[in-house]
K.L.:
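I'd like to ask you about the structure that follows.
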Amino acid sequence: MVQNRQVYKAPMFPLWAVIAAVGIVLAIATYPFYGAAYVTSLLGKFLCFSIFALSIDLIWGFTGILSLGQGVYFGIGAYFTALSLKINYAAVNPTRYGGTIPDFMEWNGLTELPGFMVPLQNLPFAIIAGLFFATLLAFIFGVITFKRHIYGVYCAVITLAESLILQEAIIEYQAYTGGFNGITDYGTHAQINVLWLILVVTIIFFIIGRILTHSRIGTILKSIRDNDTRAEFMGYNVANYRIFVFCVSSFMAATAGAMYAAWNGIISFLDAGPVFSIEGVIWTAVGGRGTIIGPFIGAFLVKGSEYFLSGKLAWTWQLIMGALFIFVVLVMRDGIVGTIGKWWSARKKRISN
Amino acid sequence: MTNILEVKSLTTKVSGYTILNNLDFSIQENELRVVLGPNGAGKTTLIDMITGRYKPKSGKIIFNGEDITGMAPDKIFVRGVSRKFQVPNLYETLSVYDNIMVSLKGRRKVMKSLLGKVTKQDNNRIWEILDFIMLAEKAEDSVDTLGHGQRQWLELGMLVASEPKLLLLDEPTTGMTKDGKEKTAELIEKIALDHTVMLVEHDMDVVRQIAKNVTVLAQGQTLAEGPLSEVVENQEVKAVYLGKGVLDGT
Amino acid sequence: MNRRKFLKNSAVAAGTAAAATITDFPYFFVKRYAHAAEGDTIKVGILHSLSGTIAIIERSLHNAELLAIDEINAAGGVMGKMIEPVIEDPQSLVQVFAEKAKKLILEDKVVAVLGCYTSASRQSVLPVFEQHNNVLLYPTLYEAQECSKNCFYTGCVPNQQLDDFVPWLIENVGPKFYMIGSNYIYPKETNREVKALLKAHGGEDVGEEYAPLGHTEFSTNINKIASKRPDVVFSDLVGDSVVAFYKQFRQFGITADDIIIGTPITTEQETAAMGPENALGHLTSFNYFQSVDTPENKKFVESYKAKFGKNEVTNAVMEAAYFQTHMLAQALEKAGSTEADALIYEGLPGQEYMAPGGKVKIDEKNHHTWLWPKIGRANETGQFDIVWQRDDWVRPDPWVDLLYPNKDCDFTNPSVLERLKSDSKDRSGTFELS
Amino acid sequence: MESIITQFLNGFSVVAILMIAAVGLAVIFGVAGVINMAHGEFIMVGAYTAAVVGQLGGNTFIAIPVAFLVVALLGLVVERSIIQWIYDRPLETLLATWGVGIILQVVMKLIFGPELYYVGAPKILDGGFRTIGLLPFPWYRLFLIVIAIIIMIITYFVLFRSDLGLKVRAVRRNRTMAGCLGIDTAKVDMIIFAFGSGLAGVAGAVLAPIKSVSTTMGFPYAVDSFMVLVLGGVGSLWGVVAGSGLIGEAETILSFIYNSVIGKLLVFIFIVLAIRVFPKGLFGYHERT
Amino acid sequence: MGLEVQGIDTFYGTSHILHGVTLSVPDGAMISVLGRNGVGKSTLLKSIIGINPPQTGTIHFNDADVTKEKTHEHVRAGISYIPQGREIIPDISVYENLVIAMRGKNNRSNQIPAFIFEYFPALEPIQKRKGGILSGGQQQQLAIARALIQEPNLLLMDEPTEGLQPSVVAEIDTIIKRIHTERNCSILLIEQNLDFIRDVTQQFAIMDSGQIVEEGNIEKLTDEFAGQYLSV
C-alpha cells in the first residue's frame with residue numbers, strides 16, 4: 001500500500017479569491033470617502049441582505065430544506081436591536097408627546113417602559129438576546145418538524161405561515177413593536193464604523209459559511225442533501241444535522257437583521273414577513289444556491305437592479321421579478337455562479353480532452 | 001459460534017399483502033449467508049425490517065443480543081448493521097473519495113463532526129478502501145461519472161469503511177457484465193473474510209462462486225436452508241426456479 | 001366606475017388588445033411629465049406608491065399632483081423655469097419610502113417632495129427630511145400631534161374633522177358610539193379624540209375594537225356591534241377593510257336607518273368600490289367632497305377627468321395633493337429661492353390658495369392648513385350630499401385642546417426658530433459620510 | 001349567549017369561505033403534488049371575472065361558471081407552460097408559481113388599474129332571515145354555505161364518481177400502471193390542474209360580493225388555504241372539510257372572545273402542534289411517490 | 001404485421017440492462033421469454049410498452065414505428081400489458097379497475113362486456129370489492145381481465161403465475177390458451193415456470209445478461225436445454 005496519498009482538494013480559500021476579496025472589501029470600506037452618500041446607504045443594506053441570503057443558502061443550498069420564513073429570524077434580530085436603539089434615543093430626544101419612552105408606546109397608552117423591556121436599554125444585551133432568541137426559536141421549530149421528518153413542501157408552507165403569524169403579531173402588539181408603522185426615528189447609525197462592522201461580520205460569516213461547507217461537516221451536509229436515506233442508513237441522525245444548520249442559519253439571519261436595523265434607521269413588520277423571506281430565496285436562487293458566493297452576487301444584483309430600475313420602470317420591475325422566479329426554476333436552475341461553474345468545468349474537460 | 005442476528009417470527013404487511021409471513025431466520029457471526037428466492041419472496045423487505053426502514057407488524061429482530069425491532073435506522077447502524085441498496089445509493093454530487101470519507105466509522109454526532117478533521121490515518125484508510133474497490137484512480141471524480149459496476153463497488157466500499165459487524169447486501173451484481181460480476185463476487189468474498197455478510201443474490205454464477213450457506217425464501221417464509229450443494233438438489237427449490245409447481249409435491 | 005371603461009377593460013381581458021384601446025388606459029401609460037429644457041427646471045419629488053397595497057389611493061394623489069404641475073407649467077412655470085417632477089415608486093413599503101426619500105434628496109436634489117399617504121410612510125421619511133433639511137408636503141388627513149419644521153401638512157387634522165362631526169352625530173343621530181378601526185396609529189389616536197369629545201358632549205362609548213390591517217372578514221365584529229346596539233358606528237377602518245365592512249354590514253341587514261356609520265376617512269373612491277347601495281346614507285366628515293359646488297372645484301374635477309379618464313372620482317386627499325402643489329409653486333415664487341430654508345421660513349408659512357373646497361391657508365405657527373369642515377351623506381350615486389358645513393374656515397390644531405390644552409407648535413417663536421436653524425446645521429454637518 | 005349562537009352560525013359561513021377557497025388548492029396538491037402559490041391570484045382573477053360579468057349585466061350565478069372557465073383556462077396555460085416541466089421538483093414549483101402570482105397581479109393591474117372594484121351580490125340574496133340571535137343571518141352567507149356544500153359535492157363526484165376521477169385516483173396511486181392501462185397521465189395532470197384552478201375561480205366569484213376586489217386580495221386566501229391543507233391533510237376531501245371546520249370555527253370563536261390576531265396565533269400554534277402529532281395532517285394521504 | 005423489436009438498448013438509471021435485443025412477435029403468435037432473475041426480461045416488456053423506452057433501436061407495431069410513443073399510446077394501438085405483481089389499483093373497486101381499463105381504450109361504456117365474466121366468473125360476484133383486498137389469484141384474474149377488456153392485438157404478460165397456488169396456475173393456464181385462440185390476440189409472456197411454458201406456448205426465447213441467447217420452438221425446450229441457462 002502506498003501511504004500518504006492525497007486527493008486534490010480545492011483550497012478552502014484560494015489565493016486569487018483572497019486577493020479579489022481583499023480588493024472588494026477595500027473598495028467597499030473606503031467607498032464613503034469617494035462615493036455618493038445614497039449609494040453608500042445602499043451598500044450597507046445590501047451587505048445585510050447578502051448575509052440574509054447566505055443564511056437561506058446554508059439551509060436550502062446545503063441541506064435541501066426550503067424555508068419560506070427566514071425573515072422571522074432576520075426580523076427578530078432587527079426588532080431587538082431597533083427597540084433598544086429607539087428606547088435609548090427616546091430617553092434623550094423627547095418624542096413628539098414630550099415623553100421619554102418611544103412614541104408608539106405612548107399612543108398605545110403606556111406611560112413607562114414595560115418591565116420586560118427594561119433590559120433592552122442595554123444595547124449589547126439586546127443584540128445578544130435577539131440572536132439568542134432567534135436561534136432558540138429555530139431550534140424549537142427544527143425539533144418539531146425535522147424530528148418528525150417533515151420536510152419539503154410541508155415544511156416550506158409551515159415556515160411561510162410562521163413568518164406571516166409573526167408579521168401579524170408585530171402589527172397587533174404595536175405598543176411594544178410600533179405596529180404597522182414599524183420603528184423609525186431612532187437616530188442615525190449609518191456611519192462609517194457601522195459600515196466597517198457590517199463588512200467585518202460579512203467576512204466572518206463568509207468564512208464560517210466556507211468552512212461549514214468545505215470541511216468534513218460540509219461534506220456530510222452535502223451527503224445528507226444528496227441522499228438522506230443513505231445518510232440515515234449510514235448512521236447519521238439526519239434531523240440533528242438539519243437542526244444544527246437551521247440554528248446556524250437563523251443566527252446569521254438574526255445578525256444580519258440586527259445590523260440592518262442599526263444601519264437603515266427604520267424597520268417594520270415587512271422585515272419579518274413572508275414576502276421578504278421569499279425574496280431572499282430568489283436572491284439565493286439567482287446567485288446560485290449551494291455556493292457561498294452566489295447569495296452575495298444574487299442579493300447585490302437583484303436588489304441593486306431593483307433600486308436603480310424600479311424608479312424608472314415602476315410596474316415593469318414587478319413583472320421582471322415574477323419572470324425571474326420562473327426563469328430561475330425552469331432555465332437557470334444553478335443560478336449565475338452555478339451556471340458559470342458548470343460552463344467552466346465543461347470547458348476544462350473539453351480542453352483536457 | 002453465536003448468532004449475531006436473529007429474526008423471530010417476523011410478519012409484515014404492505015397495503016394488505018403479506019410480505020413476510022412468520023419468518024424465522026438467523027445468521028452466525030462471521031458467516032457468509034446467501035439468500036435466494038424468486039421475485040416478491042420478501043428478501044428486500046427482510047433487509048428493510050432489519051435496518052429499521054419499516055416496522056414489522058409482529059415479531060422480533062435481535063442483533064448482537066439486543067432487541068432492535070423498530071429502532072431508527074441510524075441507531076441500528078451505530079450498533080453495527082450496514083446495508084447496500086439494490087440500486088446503488090450514493091451521494092451524487094460528492095467525489096468518490098468523499099463518499100468513502102463520510103462513511104468512515106465513528107463521528108456520527110453533529111458536534112464531533114463539526115470539529116472532526118480528516119486525519120492521516122483516515123486518509124490512509126480511505127485509500128486502502130479505494131484500492132480495495134479498484135477505484136483509486138477515480139478518487140477525485142464525482143460519482144456521476146462512474147459506470148454502473150463501479151457505483152456498486154463504491155457502495156460496497158462505503159459499507160466497508162463504516163466497519164460494521166453485519167453487512168446486508170441487496171443484489172450487488174445486478175446490471176453488471178459477467179466480468180464485473182466475477183470481480184464483485186471476489187470483493188464480497190474478501191469482505192466476508194472478516195465480516196458477517198448476508199447477501200441477497202439472483203445470479204447463480206455469483207452464488208456458486210461464493211456461497212457456502214444458502215437460505216431460500218419463498219412467499220415470505222424459509223423454503224430451504226443449508227449448504228449450497230444440498231439446497232440446489234432440493235426439489236422445492238428447483239421447482240421455484242425450474243417450474244415444477246411450488247406446492248404440488250412433485 | 002362607469003360601464004364603458006369596464007367594457008373596454010373586459011374586452012382587453014378577453015384578449016382583443018388593440019393598441020388604440022390600450023393608449024386610453026389611464027394606468028397603462030401614466031403620463032409622466034412634460035419635459036422642460038434640461039437644467040432649466042426646478043425638480044420636485046413625487047413620492048407616492050404606484051404598486052403595492054396602497055397604490056389604489058396613492059395613484060390618485062400622484063395624478064392630482066401631476067395635474068397641478070401641468071397647470072403651473074402651462075401658466076409659465078415658477079421663477080421662469082418649468083417644474084420637473086421626479087417620480088419614485090415606494091411600492092407601499094415603509095422602508096422603501098425612506099429609501100426613496102433619501103434618493104430624491106441626495107441624488108436628484110429636489111427642492112421639495114410631494115408625497116406619502118399613510119402615517120407610517122410619513123413617519124418613516126420625516127427623519128430623512130429633518131436630517132437633510134428638505135421639505136415634505138403631506139396631503140393626507142392624519143392623527144396630528146406632530147410638528148416638524150420640514151413638513152407641511154395640507155390634510156385635515158382631528159379638530160377640523162371631529163370637533164363638529166361628533167357633536168353633530170350625538171345631536172342628530174344618537175349618543176351611543178361604537179368605534180371600529182384598523183389597528184394602527186391613526187385610528188387609535190382618532191378614537192382617543194372621539195372618546196374625549198363623547199365625554200364632553202354627553203355621548204356614550206359602548207365599544208372600541210381594532211381589526212388587523214387588510215382584514216376583510218367582519219361577521220364577528222358586526223355580531224359584536226349588534227349586541228351592543230349603538231346609534232353610530234364610528235369607523236376608522238382603512239383600505240380593503242372599508243369596502244368589506246360596509247358590504248358585510250348591509251348584508252347582515254343593517255342599513256343607515258338602523259345604525260349610521262360615521263367616519264372621517266371613507267371617500268368617494270371607496271363608495272364607488274363598495275357599490276353605492278352599501279354606502280347609502282352613511283356619513284363622512286371632510287373638508288372636501290367631489291360634490292362641492294364651487295367654480296374651482298368644477299374646473300378641478302373637469303380637468304382631472306379630462307386628463308385621467310371620465311370615470312375617475314376626486315376626493316379630499318386628492319384635493320389637498322392638488323392645492324399643495326399649487327401652493328408650493330406660489331411659495332417658490334414668494335421665496336424667490338429654491339433653498340429649503342427659504343421655503344420653510346418664508347415661502348410656505350402663511351401661503352394662501354383658492355382651493356376647490358374653499359380658500360385654504362398654511363398656518364404660520366404649526367405648518368398645518370386652515371380648512372372648511374363639512375359633513376356628507378352618501379347618496380345612491382356614491383357621491384356625498386353635503387348635509388352640514390361650517391361657514392368659516394377652521395384653524396388646524398394639531399394638539400387638540402380637549403386632550404392637550406395649551407399645547408401647540410410654534411414655528412414663529414424666535415427662540416424656537418433660532419434653535420431649529422442651528423440644529424439643522426448641526427445635523428447636516430454630522431450626518432452621512434460625504 | 002345569543003351572540004355566541006349567532007357567532008357559531010357565523011363560524012359556519014367562515015368555514016364555508018375557507019372550504020371554497022381551499023378546495024381548489026387541495027385538488028391540485030393532492031393529485032399533482034404541487035403547492036400552487038398563485039392560488040390566491042387565481043381567486044383574484046375569478047373575482048375580477050365576476051366584476052366584469054357584473055358590469056356586463058350578469059350576476060353571481062352567471063359569474064360562477066364564467067369564472068370557472070376563465071380561471072381553468074388560465075390554470076391550463078400555467079400548467080402547460082410551466083408546471084409540466086417541474087412536477088418532479090415540488091419545492092421549485094413553489095417558487096415558479098409564486099412568480100406566476102406576481103405576474104398575474106401586475107397584469108391584472110395593467111388591465112384593470114389599481115383601484116378597488118365593485119361586485120354586488122345578486123338582488124335575490126339581499127337581506128337575511130331571523131335566527132335566535134340579534135341579527136338576521138344574511139342570505140348571502142347562507143348561499144356561501146350552500147355553495148361550499150355544492151362545490152364539495154361536485155368535487156366529490158368529479159374525483160370519486162366520474163371517469164375523470166377514476167383516472168385521477170389511478171394516476172395518483174400508480175402513475176406507471178395508469179399509463180399501462182391506456183390513461184394519458186399528462187392529460188389527467190393537465191385537466192386536474194385546470195379543474196383545481198377553476199375551483200379557485202369560483203371561489204373568487206362568490207367571495208367578491210362580500211369582500212373587496214383588488215389585485216392584492218389573493219394572498220390571505222392562499223395562506224388560509226395552506227393552513228387548511230396542512231391541518232387537514234393532503235389529498236383528502238375530508239381533510240379540507242376537517243381543516244376548514246376546525247380553523248374556521250376556532251378562529252371565529254376565539255376572535256369573538258379575544259381578537260382576530262390572537263385567534264390566528266392560537267390556531268397557528270394548534271396547527272403546528274397537530275402537525276407534530278399527525279405529520280401527514282388529520283386525514284393525511286401518502287404523497288405521490 | 002405484429003411486433004418487431006429491432007436491436008434495442010435500454011438503461012435503468014446508469015445500468016445498461018438490454019444489449020441489442022431483437023425479437024419479433026408475428027400476429028397470432030404466442031412466445032414465452034425465459035431467463036433467470038435480473039437478466040432483463042421485465043425490462044424488455046417495459047421497453048416495449050414504453051415505461052422504460054429504449055435509448056437505441058426501434059420498435060414497430062403493425063408496421064408503425066412506436067419506439068418513442070408514450071405508454072398510453074401503445075395501449076390505444078393495441079398492446080396491453082400485465083405487469084409483474086399485478087399492480088391492481090388497491091383503493092378502487094374491481095369494477096372500477098375494469099372500467100378504467102376500458103376508458104384507456106376509449107370505451108365509454110359502463111357495462112362490463114359479458115365475455116369478461118365468461119372468462120373470469122370468479123370476478124362477477126366481487127365487483128364491488130376494493131382491489132387491494134383480493135387474494136393473489138383473484139388479483140391475477142383481474143389483471144388479465146383488465147388487459148383483456150381492452151381487446152388487444154398483443155398481450156404482454158410478466159410472470160402471470162408468480163406466487164400463485166397450483167390450482168390457480170392451472171386456471172390461468174387454460175385462460176391464456178383460450179385468450180390466444182378465441183380473442184385473436186398474440187401473446188408475449190415472461191415466465192419461469194417451465195411446465196407452464198411448455199403447456200401454453202409454441203415458441204420461446206431465452207435471455208441472459210440482457211441479450212436473447214436462444215430462440216426456437218417449444219419442443220426444443222427440454223429440461224436439460226433450459227438448465228444450461230436457468231439452473232440453480
Side-chain angles (χ1 to χ4, degrees), chain D residues 26-27 30-33 79-80 84-85 87-89 155-193 195 233-240 280-281 283-289, chain E residues 42 45-53 69-110 130-132 139 142-143 145-152 155-158:
Chain D
V27 166
V31 179
E79 203 271 349
R80 282 293 92 185
Q84 68 156 322
W85 312 110
Y87 273 118
D88 53 337
R89 293 183 268 147
T155 310
Y156 175 80
F157 266 85
V158 168
L159 288 185
F160 294 96
R161 288 282 178 273
S162 74
D163 281 359
L164 174 66
L166 202 55
K167 290 177 184 174
V168 166
R169 280 176 296 148
V171 169
R172 180 174 72 182
R173 195 65 208 233
N174 192 336
R175 180 161 286 267
T176 315
M177 193 56 222
C180 293
L181 289 174
I183 295 168
D184 187 344
T185 52
K187 195 166 144 197
V188 169
D189 284 336
M190 202 166 90
I191 293 174
I192 209 69
F193 203 92
F195 176 69
V234 170
S236 148
L237 283 184
W238 287 116
V240 176
K280 294 260 176 218
F283 288 85
Y285 196 90
H286 285 282
E287 284 174 56
R288 165 169 161 181
T289 46
Chain E
S42 295
L45 292 198
K46 286 181 183 168
S47 283
I48 296 172
I49 195 72
I51 297 172
N52 192 356
E69 305 247 293
K70 298 225 178 72
T71 311
H72 66 98
E73 288 164 328
H74 285 100
V75 175
R76 304 221 164 133
I79 307 177
S80 287
Y81 170 63
I82 302 170
Q84 194 175 26
R86 277 80 80 174
E87 308 266 350
I88 300 299
I89 299 179
D91 48 2
I92 63 179
S93 69
V94 170
Y95 170 80
E96 286 174 316
N97 264 288
L98 289 170
V99 168
I100 202 169
M102 286 161 59
R103 299 293 181 265
K105 204 71 190 281
N106 282 334
N107 180 344
R108 311 242 116 246
S109 163
N110 284 325
K130 291 254 188 274
Q139 288 202 347
L142 176 55
R146 209 168 50 172
L148 199 58
I149 212 167
Q150 297 180 323
E151 312 216 20
L155 192 55
L156 309 175
M157 300 174 105
D158 198 345

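Lettering follows sequence order; numbering is per chain, from 1.
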K.L.:
Within a 6.0 Å radius of atom NZ on D/Lys167, are there more than 12 heavy atoms belonging to other residues, nucleotides or ligands?
P.N.:
yes

K.L.:
Indicate the atoms forming the closest heavy-atom contact of D/Gly182 with E/Gln150, along with that distance.
P.N.:
N-NE2, 4.3 Å

K.L.:
Of all the heavy-atom pairs spanning E/Arg76 and D/Asp184, show the shortest one and how long it is.
P.N.:
NH2-N, 4.3 Å

K.L.:
Output the distance between atom CG (D/Asn174) and atom CD1 (E/Ile88), rounded to the nearest 0.5 Å.
P.N.:
10.0 Å

K.L.:
Roughly how far, to the nearest 0.5 Å, is CD1 of E/Ile51 from SG of D/Cys180?
P.N.:
3.5 Å

K.L.:
Please classify the contact between E/Glu96 and chain D as side chain, backbone, both or neither, with a heavy-atom cut-off of under 4.5 Å.
P.N.:
both

K.L.:
For the candidates E/Lys105, E/Arg108, E/Arg146, which exhibits the highest count of non-hydrogen atom pairs separated by less than 4.5 Å from chain D?
P.N.:
E/Arg146

K.L.:
Do you know which of D/Leu181, D/Thr185, D/Thr176 has the most heavy-atom pairs with chain E at a distance under 4.5 angstrom?
P.N.:
D/Leu181

K.L.:
Looking at every heavy atom in both E/Pro83 and D/Met177, which two are closest together, and how far apart are they?
P.N.:
CG-SD, 3.3 Å

K.L.:
Would you mind telling me which of E/Ile89, E/Ile92, E/Ile100 makes a side chain to side chain contact (heavy atoms under 4.5 Å, CB included) with D/Arg169?
P.N.:
E/Ile92

K.L.:
Rounded to the nearest 0.5 Å, what's the gap from CE on E/Met102 to CG on D/Leu166? Could you check?
P.N.:
11.0 Å

K.L.:
Any donor-acceptor pair under 3.5 Å linking the side chain of E/Arg103 with the backbone of D/Ile183?
P.N.:
no

